[in-house]
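Below is one structure, written out as structure tokens; the observations come after it.
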Amino acid sequence: MKFRKTKAPSLANQNRIYAASRHRSSPRPPTTSLHPSPSPLLLSNPYPSKPKLQDLPTLLKSLHQFPPHPDLYIPIFQLLTRTPGSLRLGRQLHAHVTLRGLQYDAVLAARIAAMYSSSGDLRVASLLLRHTPHPSSLLFNALIRGHSLYGTPEGTLKLFDEMLYLGLLPDHFTFPFVLKCCADIGSVPFGQSVHSQCLRRGLEKDLYVGSSLIRYMKVGNFKAAEELFAALPSRNIVSWTAMISGYSQNGLADRALALFEEMRQGGNDVKPNWVTIASVLPACSHSAALKRGEQIHRYAGAMGFDSHPVVQIALVAMYAKCGSLVKARHCFDRINKKERDVIAWNALITAYASHGRGVEAVSAFEDMVTSGVRPNEITFTALLSGCSHSGLVDQGLRYFNCMRMVHSVELRSEHYACVVDLLGRAGRLGEAKEMIDQMEIDAGPSVWGALLSSCRIHHNLEIGEIAAKKLFVLEPENSGNHVLLSNMYAEFGRWEEVKKIRALLKDRGIRKSLSCSWIEINGKVNAFLCGDKSHPQAAGIYIFLEDLPKKIKAAGYVPDTNFVLHDVSEEEKECNLTMHSEKLAIAFGLLSTSPGAVLRVTKNLRMCGDCHLAIKFISKIYDREIIVRDVNRFHHFRDGLCSCGDYW
DNA sequence: ATAGGGTTAG
């Protein structure tokens with residue numbers, strides 16, 4: 001029977017159903033029937049307990065023997081909702097219900113909608129809502145769940161609005177889904193309004209709503225999330241993980257790691273599970289804390305979580321971002337072939353790309369396509385940046401040109417940024433600019449930023465000025481763009497313009513970002529600012545660095561004083577070349593590790609050319625492998641050479 | 001009936 005053949009109920013019937021729906025929005029007493037006759041279940045119950053899947057065939061055959069009653073069908077629809085792949089049977093039963101005139105019962109309609117919703121048939125679920133004269137919160141919750149799983153965030157929020165408009169109260173089943181939607185679309189006003197509704201209804205202490213609220217709190221608001229977490233009357237592993245993941249995803253890596261430790265050692269009953277591990281690993285990636293990452297990896301292994309593909313993917317990314325490409329590859333190889341989804345491949349391609357291994361990134365991409373996994377937007381961002389770091393210009397362009405036609409992936413601003421970088425690095429600035437002019441979508445700051453960086457490398461002030469002016473409008477608060485243009489002016493001896501930009505920065509109260517490098521020694525992260533003397537070992541570090549130029553000059557080093565002018569950050573320009581933060585970190589590393597140990601340094605900005613050159617010599621005369629991760633990529637220094645081949 | 005998870009340029 002088709003849905004449209006459903007007849008509208010008589011007026012009297014409608015009133016009865018309305019009364020029923022109102023009654024049923026409160027908890028249902030187990031044996032109360034709203035029908036004039038006693039429930040058939042009381043007379044002769046066809047299923048004494050919850051029906052099981054294997055009972056269904058017999059049960060369905062016997063249904064017609066009983067007088068029509070919603071209670072007869074509700075448990076069956078609940079069972080079907082929990083059983084994937086049972087939609088066909090569900091449809092038949094729905095038709096049966098309609099034939100018997102029960103389709104307007106509020107609770108039954110909600111259960112039927114829940115079945116359609118959780119199998120992804122949003123169309124029929126929505127039709128049910130439209131045909132229910134007085135929909136209940138239960139029905140809306142079912143639809144909201146379905147839409148958040150299979151539909152769009154916009155569709156979900158529309159339902160939520162409609163629910164409020166009808167005067168229905170959202171509850172602890174409603175809010176978790178709605179909060180996730182708010183986070184997905186990133187609408188701050190909407191998120192705040194939903195948040196305050198939770199508070200008004202006192203639901204922030206609910207285990208489910210509370211976890212969602214904590215998780216979807218925004219960066220600037222993490223204090224509020226901490227307060228919510230502290231105020232939870234009881235916490236389970238989900239609440240803890242929500243808080244850890246909130247820190248982790250907002251770049252508060254230290255706090256994420258500290259909370260993870262607190263949870264493990266605080267004598268809590270809660271035990272981490274694979275979701276917790278997958279949430280805390282990105283914090284190790286972020287702070288490049290390889291030892292911590294390895295520790296967590298061992299722990300995950302002991303608990304048996306390291307065979308979970310989601311954990312394995314997080315491990316691939318962690319090892320790659322902590323500088324160990326070999327271990328990243330090893331973790332990828334351990335992922336079951338059937339579990340290698342697009343996210344797993346993206347992690348691998350990104351790993352190769354960030355280490356400047358363009359050829360391997362390309363071959364990973366080809367393997368992915370061969371194995372039948374479809375690339376997405378992120379895949380191409382990773383692939384194109386891999387081509388760019390390795391100077392694979394034409395190959396990168398070929399991939400870019402077939403993105404939409406061959407792989408049906410839409411071009412985004414990030415992709416243009418990669419291609420502009422690809423062309424720009426190779427010195428093809430005119431083509432890069434032309435590419436931007438022909439874009440079908442608005443060029444975001446990343447696109448102009450890529451052009452500006454390329455102009456700096458290739459000393460093209462003319463195009464650089466155009467890019468910088470765009471950026472000053474798009475990102476007025478970003479100090480880096482101002483600094484870059486100012487450095488270019490300095491290079492050309494245009495001191496008047498340099499002064500103007502400095503005045504502008506001061507005028508707008510824009511603070512320059514400080515350069516910072518860090519190195520993990522014995523599991524402890526040591527951070528250094530440029531010219532920083534606050535480290536306990538500062539005296540030793542500076543004595544070492546004073547001696548350094550003499551030693552490396554003997555090996556052929558000539559300081560690249562050009563970078564005093566060109567350097568990416570103004571404050572470093574003012575700072576003696578020998579005191580750059582990465583040099584401090586490397587000096588400390590050399591002093592506090594035994595000969596032969598690999599040094600891994602991370603920097604929050606781009607490395608300067610002089611440091612790049614000096615580190616090549618350091619790697620040779622001290623016979624050390626030194627791995628530096630700057631904002632863009634990795635540099636592996638060994639025996640006087642860098643893996644980037646000086647193309648960066 | 002519900003919550004927490006992995007991949008993204010410069």
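Any value given below was found using the heavy atoms of this structure, including those in side chains, with hydrogens, waters and symmetry copies removed. Throughout, protein chains are lettered first and strands after them, A, B, ... in sequence-line order, and every chain is numbered starting at 1. Since the model is a prediction, treat every value here as computed from it, not as a measurement.
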How close or far is atom [atom2] of [N] from atom [atom1] of [X], stated in whole angstroms?
X      : N      : atom1 : atom2 : result
A:I244 : B:dG6  : CD1   : P     : 12 Å
A:I436 : B:dG10 : CD1   : P     : 14 Å
A:R215 : B:dG6  : CZ    : P     : 7 Å
A:L452 : B:dG10 : CG    : C1'   : 10 Å
A:L179 : B:dG4  : CG    : P     : 9 Å
A:F400 : B:dA9  : CZ    : C1'   : 13 Å
A:Y352 : B:dA9  : OH    : P     : 17 Å
A:M318 : B:dT8  : CE    : P     : 14 Å

Looking only at side-chain atoms of [X], point me to the closest of [options].
X      : options              : result
A:S212 : B:dG10, B:dA3, B:dA9 : B:dA3
A:S245 : B:dG4, B:dG10, B:dT8 : B:dG4
A:S385 : B:dT7, B:dG4, B:dA9  : B:dA9
A:T241 : B:dG6, B:dG4, B:dT7  : B:dG4
A:I313 : B:dT7, B:dG10, B:dG4 : B:dT7
A:A450 : B:dG6, B:dG10, B:dG4 : B:dG10
A:N141 : B:dA1, B:dT7, B:dG4  : B:dA1
A:F177 : B:dG10, B:dA3, B:dT8 : B:dA3
A:R425 : B:dG10, B:dA9, B:dG4 : B:dG10
A:R82  : B:dT8, B:dA1, B:dG6  : B:dA1

Please evaluate the base of [N] for a donor-acceptor partner in the side chain of [X] within a cut-off of under 3.5 Å?
X      : N     : value
A:D341 : B:dG6 : yes
A:N273 : B:dG4 : yes
A:N236 : B:dA3 : yes

Measuring to OP1 and OP2 of [N], would you say a side-chain N or O of [X] lies under 4.0 angstrom away?
X      : N     : answer
A:Q249 : B:dG6 : yes
A:H172 : B:dA1 : no
A:R145 : B:dT2 : yes
A:K321 : B:dG6 : no
A:Q312 : B:dG6 : no

With under 30° as parallel and over 60° as perpendicular, where do the rings of A:H415 and A:F380 fit, or are they tilted in between? perpendicular

Less than 5.5 Å between centroids and less than 30° between ring planes, does A:F173 satisfy that with B:dT2?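 Not stacked: fails the 5.5 Å / 30° test.
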
Sugar-phosphate only, base, or nothing, as touched by [X] at under 4.0 Å among non-hydrogen atoms:
X      : value
A:S446 : base
A:E339 : nothing
A:I277 : nothing
A:W274 : base
A:F175 : nothing
A:L138 : base
A:D421 : sugar-phosphate

Heavy-atom side-chain contact between A:V280 and A:L257 under 4.5 Å: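 When only atoms from C-beta onward are counted, A:L257 and A:V280 do touch, with a gap below 4.5 Å.
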
A:Y647/A:H389 under side chain to side chain donor-acceptor pair (under 3.5 Å): CA gap, chis, key distance, verdict: CA-CA 7 Å; A:Y647 187 86; A:H389 289 316; over 6 Å; no

Under 3.5 Å, is there a donor-acceptor pair linking the side chains of A:S279 and A:S248?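 No pair is found: no donor N or O on one side chain lies under 3.5 Å from an acceptor on the other.
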
Tell me which one of A:S446, A:S453, A:S388, A:S385 satisfies side chain to side chain donor-acceptor pair (under 3.5 Å) with A:D421. A:S388

Under 6.0 Å from the ring centre and within 45 degrees of the ring axis: does the NZ or CZ of A:R82 meet both conditions for the six-membered ring of A:F77? no

Give a yes/no verdict on a cation-pi contact between A:R111 and A:Y73, requiring under 6.0 Å between NZ or CZ and the six-membered ring centre and an angle within 45° of the axis. no

When the aromatic ring centroids of A:Y216 and A:H195 are compared, is their separation below 6.0 Å?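 Ring centroids of A:Y216 and A:H195 are no less than 6.0 Å from each other.
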
